[in-house]
Amino acid sequence: MATIRELPSSEADTADTEGSGTIPRSDEDKAKAVDKCLEVLSRAKTDTEIFAALLLVTKLVQAEDTDAASRRKIFDGVGFTFLNRLIKTDKVPDGCDSSMYQSLAVTLLACFSTDPDLVTHPQMLNKIPVLKDVILSARTSVENVEKKSLIEDSFQILVAMATQDLGRKQLIGDGMVPALCDVYNKSYFGNEQAFSLLGILIEYCGEEIWETNRACLNELLSSMASEFKQIQDERKFKLCTRLTLLLASSNELVPGENAVWAWDIHHGLSDILKSKTGQSQRNPALKLASLLMCQLGVSWALGPQGSDKKLLLLIINLACVEVRMGLEDSSQNVSNRDILPACYSVLESCIEFMTCGPSLSLDEKQVLQLHNAMTGAFGAVLFFLKENQFEPEKVDDPLVRATVRVLSVWLAEETAALRNQVYDVLPFVLSVIEKSFEEAKISSDLKEATNHTTVAQYPLLKSSLASADLLRLMLPALCHLTADQEPRELLIMQGAMETCGKYFSYQWKQFEDKQGDQPEVALITLCNIFLNVSLQDTEAVKKAEVFTELYGLIANVLPKLAKQHENLVLSFNMAVLGLTLLKNLSNSASILDLSESKRFVGAVLQMFGNSHQCGKSGQCEIAPTYRQHWEDITELWMLGMQLLSECIGVFAWFAGLFLQYSWMTTTVKLLTNVAGGGLDEETCTMYGVVLSSLCKHSSDVHSQLNQANGLELARKHNMLDLAVVLQAPPLDGPR
């Protein structure tokens, strides 16, 4: 705080006559001093007397042992009319510093700012514009002691305000963010305090501070990145941390990948990571690289020409090494493991890039090194989870949850490596993801909690992973695991199907509420998981109630969903799963002869029956509304047709629906109009299979098809089995 200068002439005389400069020590003395001080202030008539009285007030309020009650009493007694005049006036006695009066007022305000209750008083908050002008009035060098003290006191007040919610809102609203960026960019006196204050606002408000200040963010990033690229001293590492803070707060507001600052940072990080540095210098660089790969994509690490594979491979290798060091050594404390979320983020980004992005064109040696590094890292991940699986409280541990998350991403692409180790920790992983789902369901904040960048937030214990919906991230892995017998049996035994059933219901509600694209993707993956089990383990389907409940949900919602062509892929997935469950649950009293089941099958028949049409050349074509999605539903159509043919022989009421819902009429018309050889082999086979089954089990279909020249159609399209069936009497009903 500023030191109150010794006043000349009558001002000093007045101060001396009104009270002693000695600060009282006992509570009684302090109380008397406060009352005396306020009495002097109340009796002051002229500006000179008021000024002298304020000097006494400032001495008293600056004392470290002045309690909050006394400070509040002084605050109420001072009044702001004269203080406001002091702050605004630029007329001072000859020979005095131009900021003398302003400095006194700001010093007094700085004293009051130490009280959380006083710092957000309206009379304090309305000084923000003045304080902003003060910090902007500095230049590169400030020689005047009074001026330095004024600026330092101003920052003290602003920092105190920034620790309070009301103060932060006022600071942002009064344009403090652009001012702080300006002070820092132009290296004004107090630029370090300016960035510290900006850091406080970022910590509390995050992305909000850039919503109306994007230009400031761009300018600040450009300035810092340019310096980061050029300098080669200790400041480079400080800038690394500061850039991470800025980028972590800006998230989606970050400019595009062609921004010059992105490549300046790339150059600076390359300098650090390719040099021999210690962990304390390397880790901040790895965090920054992780964040940029998250926000700008892995392609950023390849440099402006897209060819710097060495830096990308170096970042991945360093991340793998840090994961092994952090997880294999149980003696590592939380601070040493703070780098792990950044490393996990690197691994997630790279796995996604290598499976979905363009080829990196790595040579054989690079591929081997990368595979070994990744396998080693995930070996450590599995070791860590195994070490913690017998401690129930660990399901809430942020590091455990972050570890399960990165494992989920890896298992979505790789289930062959470390297979036995994966099976060992599956029960624990399931307990973690089930707990996270229950929490995410309660918070109804899935979208924010599963944002890919959450793993890159720092420090670890402040990450939002504790509420992340890990189950959604684990779905692709569960899809792969349920395809193999051993993990499928383990998942069923551990109750994974029941968890997935709850999740299906939850995601369906999200889908109905139109909560973005994520629910649809999740539902499609869940359909594949249940389909894997239903097709390969019919006994599990019959025993577990979750499959009956799931069938009931699908049968109820599909008739309406099937009419929404934009959801065709989801409709086909649910239709095929529903048919599989219907077939497996054929002996269930809750399934047989239900009107709901008949409506469901009717909707399926309309979906499948409208999939093809005859083109102008006599060739069979995909119907227009199906073409866009046909690549995604071709196999489902084939499987669905097979299931339809099988269900005909299981349910007595099934064949009649083909007539009721015009499937027969539509199909006969298609086969009549399409030229011989106009059907591809697989499509022709599936139509033949369904028609053959219908004719075997329904005399009505057998008769109608014969009347429609069915035998000629069978020969025309080389449906040999159908031709044989049409020439034999029908079985007329299920066997």
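S250 contributes a side-chain N or O that, together with a main-chain N or O of L247, makes up a donor-acceptor pair within less than 3.5 Å. Proximity of a side-chain donor or acceptor of D182 to a complementary backbone N or O of P178 within less than 3.5 Å is not detected. A donor-acceptor pair under 3.5 Å is formed between the side chain of S408 and the backbone N or O of V404. Panel note: side chain S534, backbone L531; no donor-acceptor pair is recorded below 3.5 Å. In terms of modelled atom types and a separation under 3.5 Å, the side chain of S345 and the main chain of P341 share no donor-acceptor contact. A donor-acceptor pair is defined here as one N or O able to donate and one able to accept, closer than 3.5 Å; such a pair exists between the side chain of S431 and the backbone of F428. Distance alone, capped at 3.5 Å, places no donor-acceptor pair between the E413 side chain and the T355 backbone. Counting only distance, with no hydrogens or angles, the side chain of D363 and the backbone of K365 share a donor-acceptor pair below 3.5 Å. Counting only distance, with no hydrogens or angles, the side chain of E414 and the backbone of A416 share a donor-acceptor pair below 3.5 Å. Proximity of a side-chain donor or acceptor of D680 to a complementary backbone N or O of T683 within less than 3.5 Å is detected.
Annotation: side chain of R627 is in contact with side chain of E621 (closest heavy-atom distance under 4.5 Å). Residues I529 and M497 meet the side-chain proximity criterion, which asks for heavy atoms closer than 4.5 Å. Under the 4.5 Å side-chain criterion, counting only non-hydrogen atoms from C-beta, Q281 is not in contact with K236. Side-chain contact between T580 and V541 is absent, with no heavy atoms from C-beta onward closer than 4.5 Å. Here the side chains of L313 and Q369 are not in contact, with every heavy-atom distance at 4.5 Å or above. Two residues are said to be in side-chain contact when any heavy atoms from C-beta on lie closer than 4.5 Å; L577 and L550 meet this criterion. Residues D338 and K287 meet the side-chain proximity criterion, which asks for heavy atoms closer than 4.5 Å.
Evaluation of the side-chain hydrogen bond (donor to acceptor under 3.5 Å, both in side chains) rule for S226 yields Q230 as partners, not counting sequence neighbours. A search for salt bridge (charged side-chain N to carboxylate O under 4.0 Å, His left out) contacts involving K435 returns D396, E439, not counting sequence neighbours. In this view, S275 and T277 satisfy the side-chain contact (heavy atoms from CB on, under 4.5 Å) rule, not counting sequence neighbours. The side-chain contact (heavy atoms from CB on, under 4.5 Å) search around E498 returns A544, V546, not counting sequence neighbours. Residues passing the salt bridge (charged side-chain N to carboxylate O under 4.0 Å, His left out) test with R235, sequence neighbours excluded: E192, E227. Residues satisfying the side-chain contact (heavy atoms from CB on, under 4.5 Å) criterion with S270, sequence neighbours excluded, are K274, L311. The side-chain contact (heavy atoms from CB on, under 4.5 Å) check on V321 picks up N317, M325, with sequence neighbours excluded. By the ring pair (Phe, Tyr, Trp, His ring centres under 6.0 Å) test, F237 is found to be paired with no residue, residues two or more places apart in sequence or in another chain being considered. Applying the ring pair (Phe, Tyr, Trp, His ring centres under 6.0 Å) criterion to F378, with sequence neighbours excluded, gives W410. Qualifying side-chain hydrogen bond (donor to acceptor under 3.5 Å, both in side chains) partners for T482, counting only residues two or more places apart in sequence or in other chains: N532.
In this structure, CZ in R214 is found 6.0 Å from CG in N218, a value given to the nearest 0.5 Å. With rounding to the nearest 0.5 Å, the separation of NZ in K309 from CG in L370 is 12.0 Å. Rounded to the nearest 0.5 Å, atoms CG (L273) and CG (L314) are 5.5 Å apart. With rounding to the nearest 0.5 Å, the separation of CZ in F228 from CG in L243 is 6.5 Å. The distance from atom OG1 of T625 to atom CD1 of I622, rounded to the nearest 0.5 Å, is 10.5 Å. In this structure, L312 CG and C350 SG are separated by 5.0 Å, a value rounded to the nearest 0.5 Å.
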Full working for side chain to side chain contact (heavy atoms under 4.5 Å, CB included) between V533 and L491: CA-CA 10 Å; V533 177; L491 289 168; over 6 Å; no
Side chain to side chain contact (heavy atoms under 4.5 Å, CB included) between T499 and M474, worked out: CA-CA 12 Å; T499 300; M474 191 69 178; over 6 Å; no
Audit row: D632, F572, side chain to side chain contact (heavy atoms under 4.5 Å, CB included) steps and yes/no: CA-CA 9 Å; D632 295 320; F572 264 84; over 6 Å; no
Candidate pair R282 and I272, rule side chain to side chain contact (heavy atoms under 4.5 Å, CB included), full reasoning: CA-CA 7 Å; R282 183 177 63 251; I272 295 175; 5.6 Å; no
Quick one: side chains of residues 520-528, donor-acceptor pairs under 3.5 Å with protein atoms, not counting sequence neighbours, listed by atom name and distance.
from : atom 1 : to   : atom 2 : distance (Å)
T525 : OG1    : V521 : O      : 3.0
N528 : ND2    : I524 : O      : 3.3

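The number of heavy atoms from other shown groups lying within 6.0 Å of CG (D517) does not exceed 12. Other residues, nucleotides and ligands contribute only 12 or fewer heavy atoms inside 6.0 Å of the CD atom of E635. Heavy-atom contacts from other residues, nucleotides or ligands closer than 6.0 Å to CD of Q305 number 12 or fewer. Few gaps surround CD on Q536; more than 12 heavy atoms of other groups in view lie less than 6.0 Å from it.
Between R401 and V395, the closest heavy-atom pair is NE-O, 2.8 Å. Annotation for R419 and T415: closest pair NE-O, 3.7 Å, computed over non-hydrogen atoms. M374 and I316 get closest at one heavy-atom pair: SD-CG2, 4.1 Å. Nearest heavy atom pair, residue A440 against residue Y506, reads O-OH, 4.3 Å. For N283 against I339, the heavy-atom pair with the smallest separation is O-CD1, 3.5 Å. Taking every heavy atom of both residues into account, I209 and L198 meet most closely at CD1-CD1, 4.2 Å.
Using modelled atom types, one finds no donor on one side chain facing an acceptor on the other under 3.5 Å when comparing Y344 with E348.
By the 30° and 60° cut-offs, the orientation of the rings of F437 relative to Y503 is perpendicular.
Under the ring-ring contact (aromatic ring centres under 6.0 Å, His included) criterion, no residue pair touches residues 475-500, with sequence neighbours excluded.
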